[in-house]
Amino acid sequence: MNKYQLPSDSQLRSKEFVFGVATSSYQIEGGVEEGGRTPSIWDTFCRTPGKVDNGDHGDVACDHYHLWKQDIEMIHSLGVDAYRLSIAWPRILPQDGVVNQQGLDFYEQIIDECHARGMKVYVTLYHWDLPQYLEDKGGWLNRETSYKFAEYAEVVSRYFGDKIDVYTTLNEPFVSAFLGYRWGEHAPGIKGEREGFLASHHLMLGHGLAMPVLRKNAPNATHGVVFNATPAYPLTDKDQAAADYCEAENFHWFIDPVLKGEYPQAVIERQSTKMPMILEGDLDIISAPVDYIGINYYTRSVARFNENGDIETVKQTESEHTYIGWEIYPQGLTDLLVRLNTRYGNLPPIYITENGAAGDDHCINGEVNDEQRVRYVQGHLEAVDNAIKAGVKVDGYFAWSLMDNFEWAFGYCQRFGMVHVDYQTQKRTLKQSAIAYQNMLLERAEENK
Ligand code: FCB
């Protein structure tokens, strides 16, 4: 298939629907000691033996710090409407209270280049690279970090204002809090049930404190937050409550405080001994109105109660999986969007801010045949279309990722890019999935002329 097929009546064909590609700072930039940047928790974590597959780290990554200009040119060549990137906090504030102009300049040239080529920029303030000096004071376990995040949001938004088209406070607070502070699989590698929930509350508080700051400094930009969400299905009829609980911890815990001003009762009850200290007024701060919600969708889970009555997820061995081991289940995206629409009466417009597949991709004679990813994207675009037809307002879709990059604890062996990166030469090669994206977007542009 050399292009993705959209149904003739699909809203995805209209020029209002935003198509983009996404990346994040630590995963692509490299240049970790350049331009005045200081270490983030990921630099430290990668140096801790046994934490990241193969001992990989982001010191060079895709060398985007130096190759940004050709990368923007490549993004533009795909025909997308927008580029979603993140800003590295330790480039902007390399020390507490010290603003680094070189950091602002680095992102400004990228933003300008995107605009010069007619693309919008979607900027995430926090895609997991917390400055190490803040971790040294407790990181997200310290309530002070929420206020530090608001200060950082102030610096970035005061400088860029409406020049950033769409601001995102946090990317996937579930992953930052639970993989980082509860299960220890991500930086800073802390393991503790109470710690995980405490970090989650402070992240959400940081989001809430940043919202009015962003609105003040960028009144015409669009503001919101991005969540990962894995819809859960019961293994048997008896397991519905297990599936419901999985969703409660996976995404109601993070979205409810924003859209309902409360934490879900199911989690409060089940985790009663691990609940964080929530001060009066916190939930009012966190529930400040947002203009959109970003949803990152990759897979579903199937849950059951085991013999001990504990909840566990069950791998669907009969299904097709991607290289990282995640089941391919496009219907889950439609179901998820419909469930969100039902749960939150006031659901703001949704962007699918990430969706994609990991492969063990090889470049052979200048070509990368990522046939599974092509099918994956096709299936998920249809899933978005189906959700829109079922009444959900979805305004955009961003492929994760523009190019192969540092996939956190998996290092470089998991390739999520639509573009292949040869890490020896830094050569970029469009995979079949990128060419299919390009062709679809070209055709859409023709139609909308
Ligand atoms: C998401 C992250 C993104 C990338 C994908 C595969 O959880 O936001 O950075 O790692 O998963």
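Computed from a predicted model, the values in this text were never measured in an experiment. Side chains are part of it too, since the values below use all heavy atoms of this structure and drop only hydrogens, waters and symmetry mates. Just so you know, ligand 1 is whichever comes first in the structure, and atom 1 is the first atom listed for that ligand. In this chain, numbering begins with 1 at the start of the sequence shown.
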(message) Suppose we screen for ring-ring contact (aromatic ring centres under 6.0 Å, His included). Which residues come up paired with F227, at least two apart in sequence or across chains?
(response) none

(request) Classify the angle between the aromatic ring planes of Y263 and W253 as parallel (below 30°), tilted (30 to 60°) or perpendicular (above 60°). (result) parallel

Enumerate the pairs of nitrogen or oxygen atoms, one from ligand 1 and one from the protein, separated by less than 3.5 angstrom; state names and distance to 0.1 Å.
residue	atom	partner	partner atom	Å
ligand 1	7 (O)	E172	OE1	2.5
ligand 1	7 (O)	E172	OE2	3.0
ligand 1	8 (O)	H127	NE2	3.3
ligand 1	8 (O)	N171	ND2	2.9
ligand 1	8 (O)	E172	OE1	3.4
ligand 1	8 (O)	E172	OE2	3.4
ligand 1	8 (O)	E354	OE1	3.1
ligand 1	8 (O)	E354	OE2	2.9
ligand 1	9 (O)	Q27	OE1	2.7
ligand 1	9 (O)	H127	NE2	2.8
ligand 1	9 (O)	W408	NE1	3.1
ligand 1	10 (O)	Q27	NE2	3.4
ligand 1	10 (O)	E407	OE1	2.7
ligand 1	10 (O)	E407	OE2	3.1
ligand 1	10 (O)	W408	NE1	2.9

Could you go through residues 328-337 and list every donor-acceptor pair under 3.5 Å that involves a side-chain atom there, pairing it with any protein atom two or more places apart or in another chain?
residue	atom	partner	partner atom	Å
Q331	NE2	D335	OD1	2.8
T334	OG1	A383	O	2.9
D335	OD2	Y233	OH	2.5

(request) Identify whether the distance between the nearest side-chain nitrogen and carboxylate oxygen of D81 and K120 falls below 4.0 Å. (result) no

(message) Once side-chain hydrogen bond (donor to acceptor under 3.5 Å, both in side chains) is applied, do any residues pair with D239, and if so which ones, sequence neighbours excluded?
(response) T236

(request) Indicate whether the side chain of E16 and that of Q11 have a donor and an acceptor atom separated by less than 3.5 Å. (result) no

